[in-house]
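So the structure is just underneath, and the comments pick up after that.
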Amino acid sequence: MSYSGVKQPEFDTLVTRHTTAALQLEDLATVLYGELTAAGLNTEPALRIRAMAKEVSAEVEDLRRRQRIIHEMERMKVVFRSVTPGGSMIAVPDTVEAAQGLLDGTLAANAAIAAGRGDRKALAQLQGYADKARDPEFVKVFLSKLGAKGITELPAALGLQVRANVTSQRDPQQVQQVKQAMKLLSTALAKGTNPEDKAFMGEAFLEQLVKEGRAEHKALEVTYVGYQAQALIWRASDGKPPFSKRFMEVVGRDAVVHQKELSASRSLYANSMDLATILGISDSMQPGGPRMGEPGKPIKASVIDDLSQAAQYSLPTAQALLFHTPKGWNKSIMEYLLTDRLDGFNQTRNYAPFAGLLQTALSGKDKESLKFTKDALVILKKELDGVFDRDDNGKLTISDQAKLDRLSFLSGPIGTVMASHIDEIFGVFDEQSSELKDIGQVEMDRVLAFVGLNASATKALVGAEAQRMLSMIQESYRRDGGANVKEVLIPEARFLGHLLEPRRLVLMAQAKSDEQARAEMKSLINDALSELTGPVGKIATRYGFFGDKAHEKLTPMAFEKLSAVLTDQLLKPGLSMDSAMQQANDDREMTMWMVRQMILGTKIAHGNWDRNALEDAKGRLFATNGHPPALKPLDEIVADPKAFDQFIKWARWHSKTESDTQAVREAMDNSAGVDVHGNLRLDRNY
């Protein structure tokens with residue numbers, strides 16, 4: 001921010017004279033225009049004067065805005081004066097926006113400081129600056145005035161006021177005002193520590209945050225470590241804007257290292273709880289994102305829980321925190337959190353922030369995501385040793401419930417991450433993967449049994465494989481008209497057996513009857529397909545939508561789009577009428593129903609019908625009157641419900657998908673009953 005100086009009252013005089021000049025020029029232009037018009041002369045001179053008057057008027061408006069800001073700065077004593085040979089000068093930023101930012105940022109910082117001292121009016125005033133937090137000029141002034149020390153100590157001061165208020169219930173609005181103040185701090189800090197943001201405060205400010213984070217502070221009778229208070233700012237983040245990669249590289253990583261050091265030291269701060277938990281006000285200091293903690297129970301949060309809350313909204317940010325091995329460590333931060341620090345998450349039972357962080361960091365398509373996904377799976381396979389076993393009847397049993405309970409919160413995020421890397425997970429069972437060499441089929445089935453504890457994770461895996469299967473069917477039709485679609489689908493069917501059967505086995509290991517387990521599996525498949533065809537998760541979304549020229553010669557991409565849209569349309573009616581649930585005996589039959597619709601949709605999109613099929617189309621609504629008839633444009637058929645219904649029945653008859661899907665069903669049954677059971681050392685087919 002650069003500054004210029006102005007003198008008072010000379011500046012006010014300048015504004016007044018400019019205003020007068022603008023009015024005089026406008027009057028002159030009007031009079032001259034009238035006289036020139038009356039004389040029949042060229043009015044161009046009057047128009048030039050009028051244009052000049054407009055320019056001066058615009059300058060006047062700018063000067064007036066500056067004047068208002070200067071007067072407000074003087075009134076609020078937010079001025080920087082310097083004495084020069086020409087007199088006393090007031091420093092004003094060169095742009096109006098910067099001047100407004102200087103004023104607002106200073107006033108907001110003053111209000112924050114006063115609020116920390118217990119001034120209720122100042123706390124209420126802070127609410128008025130919520131919208132200003134996205135202005136870089138405001139942020140720079142606001143953070144500069146507070147400094148790293150003020151940023152660290154303000155949450156503690158406000159937290160103590162909340163504690164007093166909660167105890168006495170003196171002011172029901174105060175808690176909400178404090179939460180809004182924390183959100184203001186969170187937004188400002190996220191912007192001010194991001195090198196890509198105009199509000200960036202520089203590397204020195206980040207280092208000061210680290211210094212204050214490690215330092216011991218005191219507010220009234222409460223002594224705390226700075227990171228315990230800064231954590232309340234992190235937990236207020238909703239990712240708008242997210243904290244930056246650089247913030248996590250400097251502050252985030254150091255906070256994790258510091259927490260580990262405190263834990264090892266058995267000091268007063270070894271329990272790693274944030275200040276809200278220590279003060280007993282965690283429920284009153286909800287984060288900006290999803291609710292923390294267990295539903296219906298008081299919230300407990302650690303510094304690392306809050307850090308995870310702030311780091312989970314951006315892939316580079318999440319990876320910068322987790323994919324790093326601190327100096328002197330023999331493992332990455334991710335490995336530390338998944339092993340040594342695991343009991344800390346179970347202590348607070350505040351699982352959602354770390355689960356979100358893990359999913360964000362590992363779900364990318366980049367090499368680093370895949371590398372660390374492999375590391376996470378290797379860690380998990382080791383942690384799962386002894387959790388599952390075979391009972392006396394040859395069935396799956398949970399042999400170490402305590403160990404499973406310790407790990408169970410990871411089943412959801414790990415399953416979701418595996419779904420994002422479905423091709424690599426498939427490769428483990430197809431023995432073609434070079435990416436996941438450190439985990440074999442036996443170990444992967446054990447991981448899938450663990451993931452099977454979580455219905456949402458299993459649905460994500462099934463949904464990802466459904467997308468993959470559609471791609472493989474499309475590839476088969478693109479290459480050879482679907483002649484080898486059965487051979488293409490058999491490995492996919494085996495893989496589906498590995499995805500579905502562990503979930504059924506785990507349900508039965510949790511004292512579900514076979515009938516209950518199968519009913520839950522049917523419901524899971526139905527839900528997975530409903531999500532795929534729903535308004536948010538359309539199976540066609542991966543390929544986009546075909547336009548109004550679907551009847552023209554299809555390019556490969558147009559073929560994929562059309563195939564996906566048709567498959568989506570074929571699946572949706574069966575799900576909405578629940579016919580798939582009514583007709584299927586189990587989840588495997590439902591899966592085969594899905595496969596048939598995918599093959600049919602792709603076959604229709606491919607459109608290579610034989611002569612007998614076309615002859616059978618004579619006289620139908622979807623065919624022309626030629627000899628032999630031809631199909632009408634697909635977009636025309638789809639637009640006519642009666643024609644489309646008739647067309648689908650005809651297409652089913654001539655697609656002959658039953659023999660293909662029967663072979664696929666047998667492959668899935670064999671995989672589930674033989675391979676999965678064998679890998680888990682269980683009796684077959686129970």
Side-chain angles (χ1 to χ4, degrees), residues 248 252-264 272 292 301-312 315 317-326 328-364 366 368-388 400-421 424-425 435-439 443-444 446-454 457 460:
M248 290 302 158
R253 290 174 182 175
D254 185 74
V256 176
V257 171
H258 186 242
Q259 290 299 298
K260 186 174 184 292
E261 292 170 354
L262 290 177
S263 179
S272 75
M292 286 183 164
S302 69
V303 169
I304 289 179
D305 293 338
D306 296 335
L307 184 63
S308 300
Q309 170 77 16
Q312 67 177 302
L315 177 67
T317 300
Q319 292 185 344
L321 180 62
L322 292 184
F323 299 177
H324 170 71
T325 300
W329 286 27
N330 60 3
K331 58 180 65 175
S332 69
I333 287 176
M334 183 190 76
E335 187 175 354
Y336 163 69
L337 296 178
L338 285 173
T339 52
D340 301 12
R341 183 57 179 63
L342 203 57
D343 290 334
F345 295 116
N346 282 290
Q347 180 185 3
T348 62
R349 305 190 73 79
N350 194 357
Y351 303 125
F354 179 62
L357 172 62
L358 204 60
Q359 283 180 209
T360 300
L362 299 180
S363 295
D366 55 293
E368 285 288 282
S369 288
L370 184 58
K371 174 185 179 298
F372 279 87
T373 294
K374 181 197 73 173
D375 291 349
L377 291 174
V378 170
I379 292 167
L380 187 58
K381 79 173 186 180
K382 294 176 182 176
E383 293 287 330
L384 285 171
D385 282 346
V387 168
F388 299 112
D400 192 336
Q401 187 65 54
K403 195 172 186 180
L404 181 61
D405 290 342
R406 180 172 178 264
L407 297 168
S408 60
F409 79 96
L410 294 172
S411 60
I414 291 293
T416 303
V417 167
M418 291 170 70
S420 70
H421 297 291
E424 289 74 23
I425 304 300
E435 302 289 352
L436 300 176
K437 291 180 179 178
D438 296 326
I439 184 165
E443 296 161 326
M444 187 61 81
R446 192 165 11 127
V447 171
L448 286 168
F450 171 71
V451 167
L453 293 165
N454 189 287

Problem - Nearest heavy-atom neighbours spanning Leu322 and Ala361 - result: CD1-CB, 3.7 Å
Problem - 4.5 Å side-chain heavy-atom contact, Gln401 and Val387 - result: no
Exercise for the section: Compare all side-chain heavy atoms of Leu380 with those of Phe450 and state whether any distance is below 4.5 angstrom. Expected result: yes
Practice task
Mind checking the CZ-CG spacing from Phe323 to Asp375? Nearest 0.5 Å is all I need.
Solution key: 8.5 Å
Handout entry: Donor-acceptor pair, side chain of Asp400 and main chain of Lys403, under 3.5 angstrom
Key = yes
Problem - Test item: Gln309 and Leu357 side chains (from C-beta on) under 4.5 Å apart, heavy atoms - result: no
Exercise for the section: Taking all non-hydrogen atoms of both residues into account, name the closest pair between Gly252 and Leu307 and its distance. Expected result: O-CD2, 3.4 Å
Practice task
Applying salt bridge (charged side-chain N to carboxylate O under 4.0 Å, His left out), name anything that partners Arg446, two or more places apart in sequence or on another chain.
Solution key: Asp385
Completion exercise
When every non-hydrogen atom of Leu321 is compared with those of Arg253, the smallest separation belongs to CD1-N, 3.9 Å
Exercise for the section: Could you pull out the closest heavy-atom pair between Ala419 and Ala460, with the gap in Å? Expected result: CB-O, 3.5 Å
Practice task
Using the ring of Phe345 (Phe, Tyr or Trp, six-membered ring only), decide whether Arg341 places NZ or CZ under 6.0 Å from its centre and within 45 degrees of its axis.
Solution key: yes
Exercise for the section: Compare every heavy atom of Met248 with every heavy atom of Ala320, then report the nearest pair and how far apart it is. Expected result: CB-CB, 4.3 Å
Identify all side-chain donor-acceptor contacts of residues 407-417 below 3.5 Å with residues at least two apart in sequence or on another chain.
from	atom 1	to	atom 2	distance (Å)
Ser408	OG	Asp405	O	3.2
Ser411	OG	Ser408	O	2.9
Thr416	OG1	Gly412	O	3.0

Practice task
Under the side-chain hydrogen bond (donor to acceptor under 3.5 Å, both in side chains) rule, collect the residues that match up with Thr348, sequence neighbours excluded.
Solution key: Asp305
Practice task
Apply side chain to side chain contact (heavy atoms under 4.5 Å, CB included) to Trp329 and Val257, showing your working.
Solution key: CA-CA 9 Å; Trp329 286 27; Val257 171; 3.9 Å; yes
Problem - Side chains of Thr317 and Gln312 in contact at under 4.5 Å (non-hydrogen atoms) - result: no
Exercise for the section: Just jot down the salt bridge (charged side-chain N to carboxylate O under 4.0 Å, His left out) partners of Arg406, sequence neighbours excluded, or say none. Expected result: Asp343, Glu383
Problem - Straight-line distance of Ser363 OG to Leu315 CG, nearest 0.5 Å - result: 9.0 Å
Exercise for the section: Using a 4.5 Å cut-off on heavy atoms from C-beta on, say whether the side chain of Gln259 contacts that of Val256. Expected result: no
Completion exercise
By ring pair (Phe, Tyr, Trp, His ring centres under 6.0 Å), His258 pairs with (sequence neighbours left out) Tyr227
Practice task
Can you see which heavy atom on His421 is nearest to which on Gly364, and at what distance?
Solution key: CE1-O, 3.0 Å
Handout entry: side chain to side chain contact (heavy atoms under 4.5 Å, CB included) partner of Thr373, chosen from Leu362, Val378, Leu436, Ile425
Key = Leu362
Problem - Test item: Lys331 side-chain N/O and Leu337 main-chain N/O as donor-acceptor pair under 3.5 Å - result: no
Completion exercise
Hits for side chain to side chain contact (heavy atoms under 4.5 Å, CB included) against Ser332, two or more places apart or cross-chain, chain-then-number order -> Thr325, Met334, Glu335, Phe372
